[in-house]
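Notes for the one structure printed next.
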Amino acid sequence: MKTILPIQWKNDILILLDQTLLPNEVVYEEFETIEGVWDAIQVMKVRGAPAIGVSAAYGLYLGIRNATERDFPSFYEELTIKAAYLASSRPTAVNLFWAINRLKQTAEQNKHLPISEIKQLLLEEAITIHHEDEEINRNIGENLLTLLQDGMGILTHCNAGALATTKYGTATAPMYLAHERGWNLKIFSDETRPRLQGSMLTAFELQQAGLDVTVITDNMAAVVMSQGKINAVIVGCDRVAANGDTANKIGTLGVSILAKHYGIPFYVAAPTPTIDLETPTGAEIPIEERETSEVTHRFGIATAPENVQVYNPSFDVTPHENITAIVTERGIVKPNYQENLVKVMKRP
Ligand code: MRU
């Protein structure tokens, strides 16, 4: 399958596709510093929970590869400072913190080794996280495919696609796999105000891969469902709490309420690194608020009066009652989520 690669690691340089320029320009940017990676995550050159996690792992390595500390305690202190800095780039996607912690654990487990070898192991861990993501997404796709049938209409929101991961995407993985098998799924992609990930990114990558994709504005989801065009909703996630409440791009909550109203199954594609059993419910998930200009301006033009009050939460939480199944790489999780998420996390 030919999909666009948003993240590459070559010759000790992180290469990211600048997603703020899509679909108009395909530009790759090189990053050799942790500050550059922090900025790329913050301004959303790279975005989507798994892609943020992978980039952060490389970013943390870039931040410590030239560290001059010779003993483990001072090296680990430096690593912790750099990790905290990188963790401040965005708050909601738990993959960011998960990836950073994985690197910190790798360092701790190997504290008896010379610092130069620990640095090498941190790079290897980042590369492992990168490669694992591709495998995870393919398995999510296989599992979701068992819930779908040829000819279905599928609605998705935001971009939980190849661009948000390393390959295949999560919500889009079954779409790509179905396409490979000659199925004909009809995909509807919500535009996803205010950043338009649905029209600028999801429609871009699905169209490039030759899939049947139709863009609708967010306020059209209800009518498309009422017309019987949607057989399933599939969305990604930024953090799944222990009770199954799920944070995803702003607007997902509304789509879940509509799906419930029209009796349409609502599936969350969730890699296990996005499941956070430490967060009890959706109420405890930190929700990012982004700058007001995302709402008041589009393409350099004001779309609201100057100085108007704006509220711009970037994510919302879908209550677990609205979710038909949470589909991971290790299997399909159905209610009771509180019990079944623990079980799936224990599975190899
Ligand atoms: O603000 P973004 O573009 O990073 O938000 C992305 C989403 O909400 C995705 O649906 C989520 O991260 C899952 S990506 C597989």
Side-chain angles (χ1 to χ4, degrees), residues 3 6-7 16-20 22 40-56 89-99 132-134 136-141 144 155-176 189-206 218 233-240 246-256 266-276 282 285-291 294-295 312-318 323 326-329:
T3 56
I7 305 174
L16 298 175
L17 173 62
D18 183 349
Q19 300 192 28
T20 62
L22 291 173
I41 295 173
Q42 216 299 312
V43 304
M44 295 171 65
K45 286 179 181 173
V46 63
R47 29 68 50 205
I52 292 172
V54 172
S55 306
S89 54
R90 289 191 79 187
T92 304
V94 75
N95 306 57
L96 172 65
F97 314 101
W98 169 86
E132 274 175 8
D133 183 65
E134 188 177 324
I136 285 174
N137 299 334
R138 215 187 147 88
N139 289 333
I140 288 175
L144 264 162
L155 178 71
T156 190
H157 190 77
C158 190
N159 175 263
L163 289 165
T165 62
T166 54
K167 208 174 173 188
Y168 298 109
T170 58
T172 56
M175 303 172 194
Y176 287 120
S189 179
D190 279 344
E191 184 182 38
T192 318
R193 276 280 288 157
R195 295 283 297 219
L196 309 185
Q197 290 94 327
S199 55
M200 299 180 89
L201 305 179
T202 303
F204 171 77
E205 65 166 83
L206 294 184
D218 300 334
V233 175
I234 310 177
V235 295
C237 54
D238 289 82
R239 195 185 295 227
V240 180
T246 294
N248 191 48
K249 181 51 53 195
I250 191 74
T252 306
L253 168 62
V255 176
S256 78
F266 185 93
Y267 300 124
V268 173
T272 53
T274 314
I275 297 173
D276 179 13
I285 298 176
I287 299 294
E288 177 180 22
E289 279 188 42
R290 293 188 63 89
E291 59 268 37
E294 286 188 348
V295 175
N312 186 24
S314 196
F315 298 91
D316 57 27
V317 174
T318 297
I323 300 172
I326 297 173
V327 182
T328 76
E329 74 276 17

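Just so you know, ligand 1 is whichever comes first in the structure, and atom 1 is the first atom listed for that ligand. These numbers come from a predicted model, not from an experiment.
A donor-acceptor pair under 3.5 Å is absent between the side-chain atoms of Glu288 and the main chain of Arg90, judged by distance alone. Checked by atom type and distance alone, the side chain of Thr318 never pairs as donor or acceptor with a backbone atom of Ser256 at under 3.5 Å. Checking side-chain atoms of Asn159 against main-chain N and O of Gly198 turns up no donor-acceptor pair under 3.5 Å. Of the possible donor and acceptor atoms, one in the side chain of Thr202 sits under 3.5 Å from a partner among the backbone N and O of Cys158. Looking only at distances, a side-chain donor or acceptor of Thr156 sits under 3.5 Å from a matching main-chain atom of Ile234. The closest donor-acceptor contact from the side chain of Gln19 to the backbone of Met44 lies at 3.5 Å or more, if one exists at all.
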Tabulation required: pairs of a nitrogen or oxygen in ligand 1 and a protein nitrogen or oxygen under 3.5 Å; columns are atom names and distance to 0.1 Å; otherwise 'none'.
residue: ligand 1; atom: 1 (O); partner: Arg90; partner atom: NH1; Å: 3.4
residue: ligand 1; atom: 1 (O); partner: Arg90; partner atom: NH2; Å: 2.8
residue: ligand 1; atom: 1 (O); partner: Lys249; partner atom: NZ; Å: 2.7
residue: ligand 1; atom: 3 (O); partner: Arg47; partner atom: NE; Å: 2.9
residue: ligand 1; atom: 3 (O); partner: Arg47; partner atom: NH2; Å: 3.2
residue: ligand 1; atom: 3 (O); partner: Gln197; partner atom: NE2; Å: 2.9
residue: ligand 1; atom: 4 (O); partner: Gly48; partner atom: N; Å: 3.0
residue: ligand 1; atom: 4 (O); partner: Arg90; partner atom: NH1; Å: 2.9
residue: ligand 1; atom: 8 (O); partner: Asp238; partner atom: OD1; Å: 2.8
residue: ligand 1; atom: 8 (O); partner: Asn248; partner atom: OD1; Å: 3.1
residue: ligand 1; atom: 8 (O); partner: Lys249; partner atom: N; Å: 3.2
residue: ligand 1; atom: 10 (O); partner: Asn248; partner atom: OD1; Å: 2.6
residue: ligand 1; atom: 12 (O); partner: Ala49; partner atom: N; Å: 2.9
residue: ligand 1; atom: 12 (O); partner: Asp238; partner atom: OD1; Å: 3.2
residue: ligand 1; atom: 12 (O); partner: Asp238; partner atom: OD2; Å: 2.9

